[in-house]
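Worksheet: one structure, shown below.
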Amino acid sequence: MSVRVRFAPSPTGFLHIGSLRTALYNYLFAKHHGGTCILRIEDTDRTRLVEGAMEEQIKSLEWAGVVFDEGPHVGGSHGPYTQSERFDLYRQYGMQLVKSDAAYYAFDTSEELDAMRQRQQAAGIAPKYDRSAMRNQFTIGEHEAQRLLDENAQHVIRLKVPIHSDVRFHDAVRGDVVFSGREIDDQILLKSDGFPTYHLANVVDDHLMEITHVIRAEEWLPSTPKHVLLYEAFGWTPPTFAHVPLLLNPDRSKMSKRHGDVMVQDFAKKGFFPEALANFVALCGWNPGTDTEFFSMTELIEAFSLERVNKAGAVFDYQKLHWMNGEYLKTRAPEVLAEELLPTLVTRGFEYVQPAFVASVIALVRERVHFLQDVTDFADYLFGDVLSPLSEEAAATITGNEALITAVQTFRSGLNDETIENLDAFKELSKNSAESAGMKVGAFMKPLRLVLTHREVGADLFGTIKLLGVQRCGFRLDAFFSS
RNA sequence: GCACCGUUCGUCUAGGGGUUAGGACACCGCUCUUUCACAGCGGUAACACGGGUUCAAUUCCCGUACGGUGUACCA
């Protein structure tokens, strides 16, 4: 049987980084097995819908390299893939469960349920639907229930949990898991607005869509027994479950904003490479069992397996992600990066933005930054001729320094195509310039950088001067003399 | 509270009855160097605790502690 997995987000906002990882694991697992990866939209909570959220999430997913074989945006043979479009289906299956005595009608109001929970809390017992004390078809009788139904009274359908038996299932990540029926709540399956809850819709759709493996976050583990019960009630074979560990904040709580960016689009905006993010996130909770840390999507697909997914949650290490992004930056072709950076440079109004030149600048400075966009600020003195003002301390070290003026003069007059292209000639010129003023070469290079770039740190000076060219260097040196 | 899940350097992790407990990020030092970086080399740093089982336990079992998740007509 061929593998079919699904990623099933709710369109309630942007795509969370943890969701991306779940989606990625689904995708990797499917592709590793030559299977099918499906996107299903779980929009059964009408109160939390956010306009356009689904499109945003798909965009983020695709940006990161997760693509689907079936879904609302691409179609497929098991649609529709949006639960609100499958509305009628769920009631039908809910009724089937009632008929087979696996579910029942309940007529409690939310106030009555609140009161029940308060009583239970006061009595120190676990909050759980009290089937024998609340208003449902068992307590009010079949006839009364039918009467209420006939007059369209508000009602829900609840799962009739067999309290005397254990529910057990095998999780591909966690092994055998057992829950006592006593602990499982009579979950609402069909809400009074006619929409299903996650539990019903999820099971019905997973079955109808022939899902073979349910790979989802660990937070779903406690509700899995309800799903197993549902499969049993329908007489369906449950899929293999795999609950993957959570992504954590530094304080080890479930990853959330407050501690940093958590939405995929935030990472994109910050300038992370999608490949770097996917690579990094894949390694949060999974590892190949080797020391290899860099993986293309193809390599991830090749290496991925559920067996090597960890059980414990993983603190999301932004610092390591930055490092990894920098590593990706170093391996990309400068020409490609130049294309990517160009729009930014243009909107910033820089003059020297010929692609080949930009590529050379990137090649020169990229080892010093983690993000492509950082190149803009780091090398602004190469892209344009307007230099940021010198700091007071910096200015103090060069203005009125007679020896430096002499050295710079010598350097200026020796600057030509030869000394700018040839490293040895450049070194020779630097040495002569320094010595002409009785300075050491090292003592000269620092202020020279300051004069040329107005920065104390920057890329290799020879490389910088080479890219600047004789003329632009000349102008800047002249400006120094005239100030 | 109850249920379930988890626990190897600060972080991500490898390993697994007998290892100098390995790698990566971060940190520190050295080398290179005109700066910052890169690179190279080196260093600090971990098996939560207590009982068992065993010749031997970080590894298996049981407890405890700690943490997380769940406990909705949310997903």
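Quick note on labels: first sequence line is chain A, next is B, and so on, each numbered from 1.
When both distances must be under 3.5 Å, the Watson-Crick or G-U wobble mate of B/G63 is B/C49. Here B/C30 sits opposite B/G40 as a Watson-Crick or G-U wobble pair (both hydrogen-bonding atom distances under 3.5 Å). Judged by Watson-Crick or G-U wobble contacts below 3.5 Å, the nucleotide B/U58 has no partner. The nucleotide B/U35 finds no pairing partner, because no Watson-Crick or G-U wobble arrangement with both distances shorter than 3.5 Å includes it. The partner of B/A21 is absent, by the rule that a Watson-Crick or G-U pair needs both atom distances under 3.5 Å. Remark: B/A3 base-pairs with B/U69. Criterion, Watson-Crick or G-U wobble with two distances under 3.5 Å.
If you check B/A14, B/A72, B/A75 against the side chain of A/W220, the one that comes closest is B/A75. Distance from the side chain of A/R449 is smallest to B/U34 among B/G1, B/U34, B/G6. In this structure, of B/G23, B/A14, B/G68, it is B/G68 that holds the atom nearest to the side chain of A/E218. Side-chain proximity of A/D460 to B/C73, B/U34, B/C74: nearest is B/U34. Considering only side-chain atoms of A/R308, the nucleotide from B/A26, B/G15, B/G70 that sits closest is B/G15. Side-chain atoms of A/L221 lie closest to B/C4 of the nucleotides B/C74, B/C38, B/C4.
As rounded to whole Å, 14 Å separates atom P of B/U71 from atom CE of A/M116. Straight-line distance from the CD atom of A/E183 to the C1' atom of B/U69: 16 Å, rounded to whole Å. For A/R182 and B/A3, the CZ to P distance is 9 Å, given to the nearest whole Å.
Between A/K254 and B/G70 there is a side-chain N or O to OP1 or OP2 distance below 4.0 Å. Checking the phosphate oxygens (OP1, OP2) of B/A14, a side-chain nitrogen or oxygen of A/N287 falls inside 4.0 Å.
A donor-acceptor contact closer than 3.5 angstrom is absent between the side chains of A/D261 and A/Y318. In summary, the side chains of A/S10 and A/T12 do not present any donor paired with an acceptor at a separation below 3.5 Å, with no hydrogens or angles considered. Side chains of A/R6 and A/N26: a donor-acceptor N/O pair is absent below 3.5 angstrom, by distance only.
The aromatic rings of A/F179 and A/F169 lie parallel to each other, their planes meeting at an angle below 30°, with 60° marking the opposite boundary.
Shown are A/F304, A/W286, A/F7; of these, the ring pair (Phe, Tyr, Trp, His ring centres under 6.0 Å) with A/Y25 is made only by A/F304.
With both ends at atom C1', the span from B/A57 to B/C62 equals 15 Å, rounded to whole Å. One P atom belongs to B/G51, the other to B/A65, and the distance between them is 16 Å to the nearest Å. Taking atom P in both B/G43 and B/G22, one finds a spacing of 11 Å when rounded to whole Å.
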